[in-house]
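One structure below.
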Amino acid sequence: MSTQEPAAKRDRTHYLYIAVIAAVGLGIAVGILFPEVGKELKPLGTGFVNLIKMMISPIIFCTIALGVGSVAKAAKVGRVGGLAIGYFLVMSTVALIIGLVVGNILQPGTGLHLTPEIAEKGQDQIAKSEGTVEFLLGIIPKTLVSAFTEGEVLQTLLVALLAGFALQKLGTKGEPIRRGIEHIQRLVFRILAMIMWAAPVGAFGAIAAVVGETGWKALQSLAVIMLGFYITCGLFVFVVLGLIIGVFARVNIFKLLKYLGREFLLILSTSSSESALPRLIAKMEHAGVSKPVVGITVPTGYSFNLDGTAIYLTMASIFIADALDKPLTIGEQISLLVFMIIASKGAAGVTGAGLATLAGGLSSHRPELVDGVGFIVGIDRFMSEARALTNFAGNAVATVLIGTWTNEIDREQLDRTLNGQSPFDEATLLDENSSDASAESGKKKM
């Protein structure tokens with residue numbers, strides 16, 4: 001009788017993602033044939049993304065507080081965080097260099113002549129950017145609960161870390177609190193699983209609005225930079241990240257990306273990597289990476305591991321400078337783009353944040369180039385999809401790497417998961433088997 005038990009529990013969520021693909025195709029058709037109707041459907045996509053964002057803060061808090069609170073020594077948290085930040089800085093630098101090289105080879109803006117009407121749109125983006133000091137002060141919430149009510153990822157991260165360390169200090173007295181947070185986490189993931197069934201509606205509205213607003217003519221003159229950017233992101237993911245994770249973690253990049261296929265589809269339909277953040281946390285824990293590593297690496301990576309954004313900023317800056325016949329020297333490129341990477345921290349999961357960072361960076365270094373931002377507005381949404389996909393892939397790879405380097409990963413569970421022998425429970429989005437316990441056994445195998 002027990003052998004028939006698993007058969008009764010079937011994964012029906014594949015119908016959901018088939019519906020998402022169909023909704024994307026329908027949205028493209030509506031945007032092309034009825035552009036005005038497509039524009040009016042934008043609230044559907046916005047509403048779905050807002051539902052996902054609603055769940056970000058509680059999921060991050062529960063994951064990190066439980067992960068840090070269950071660690072015996074606080075030094076482990078500092079070690080994981082320091083290793084993650086160092087890795088993110090190195091990879092952002094590599095992405096910057098790749099973007100600079102490809103941008104200078106393609107020179108996508110050469111020969112274009114921007115009109116004043118199009119260029120004026122860039123001025124509207126300047127007010128949306130913020131400086132480094134404002135970013136650092138913004139990490140501190142106004143109150144203990146404002147991080148949750150305002151949906152600030154880094155503020156939630158800070159509160160969760162403090163709560164996790166407090167649970168450590170409480171010891172056995174904090175056990176009831178830890179169990180309470182576990183129950184809240186289970187509830188939050190169940191709510192998220194319910195929200196995911198609205199994905200086809202959100203994808204339909206978002207895609208229809210984008211195609212309706214831009215049309216195909218707007219994309220033709222910008223095909224070079226779009227194609228070049230997508231190819232560059234692909235090379236970075238499959239060659240650079242694939243080589244790194246293959247050498248240091250002995251993991252096949254294609255198997256890892258296949259395991260996260262539904263998350264990539266979700267990002268593609270919403271154009272925001274933030275929409276897949278909760279699922280990445282759940283899936284990495286299921287794959288055998290310990291809770292502390294996942295709880296620290298994934299949220300931190302969403303603010304600091306901006307590989308796709310780095311490539312975008314470099315290529316877009318070179319494109320705008322060439323299009324305005326005011327090319328950047330190598331020294332100007334390096335100075336400008338290092339500033340942009342610092343200013344862009346915390347904006348990886350927000351749709352359109354890359355555009356605001358681009359405008360803010362150009363304004364601070366070469367104000368005469370800001371007018372060119374308006375010309376790239378039309379395709380920024382399409383390029384933001386590639387940015388989000390690349391950022392997401394980079395964070396997934398980083399989580400596996402950090403888990404491997406800190407011996408906080410269960411190799412057997414990882415292999416079973418990537419080989420399809422241990423499927424992820426799409427119904428609850430929660431791994432009931434403790435990955436921390438798995439990680440302990442994994443240490444002996446490293």
Practice item. Measure the spacing between CZ of R387 and OH of Y312 and express it to the nearest 0.5 Å. Key: 5.0 Å
Check your understanding: How about P58 and I184: do any of their side-chain heavy atoms sit closer than 4.5 Å?
Key -> no
Review point. When rounded to the nearest 0.5 angstrom, what is the spacing between CG in L414 and NE2 in H286?
Key: 10.0 Å
Check your understanding: Is there a side-chain contact between P141 and L158 (heavy atoms, below 4.5 Å)?
Key -> yes
**Study point:** Side-chain heavy-atom pair V293, I409 within 4.5 angstrom cut-off
**Key:** no
Check your understanding: Hey, does V289 have a side-chain heavy atom less than 4.5 Å from the side chain of E408?
Key -> no
Exercise for review: Calculate, to the nearest 0.5 Å, the distance between atoms CG and OH belonging to N252 and Y259 respectively.
Suggested key: 15.5 Å
Exercise for review: Show your reasoning for whether side-chain contact (heavy atoms from CB on, under 4.5 Å) applies to F236 and M91.
Suggested key: CA-CA 10 Å; F236 180 82; M91 294 311 298; 3.8 Å; yes
**Study point:** From Y87 atom OH to I402 atom CD1, the distance as rounded to the nearest 0.5 Å
**Key:** 7.5 Å
Exercise for review: May I ask you to test the E412-D415 pair for a side-chain heavy-atom distance under 4.5 Å?
Suggested key: no
Review point. Just wondering, do V101 and T314 contact through their side chains at under 4.5 Å, heavy atoms?
Key: no
Exercise for review: Please check if any side-chain donor atom of Q421 sits under 3.5 Å from a side-chain acceptor atom of T417, or the reverse.
Suggested key: no
Exercise for review: Supply the atom-to-atom distance R178 CZ to C62 SG, rounded to the nearest 0.5 angstrom.
Suggested key: 12.5 Å
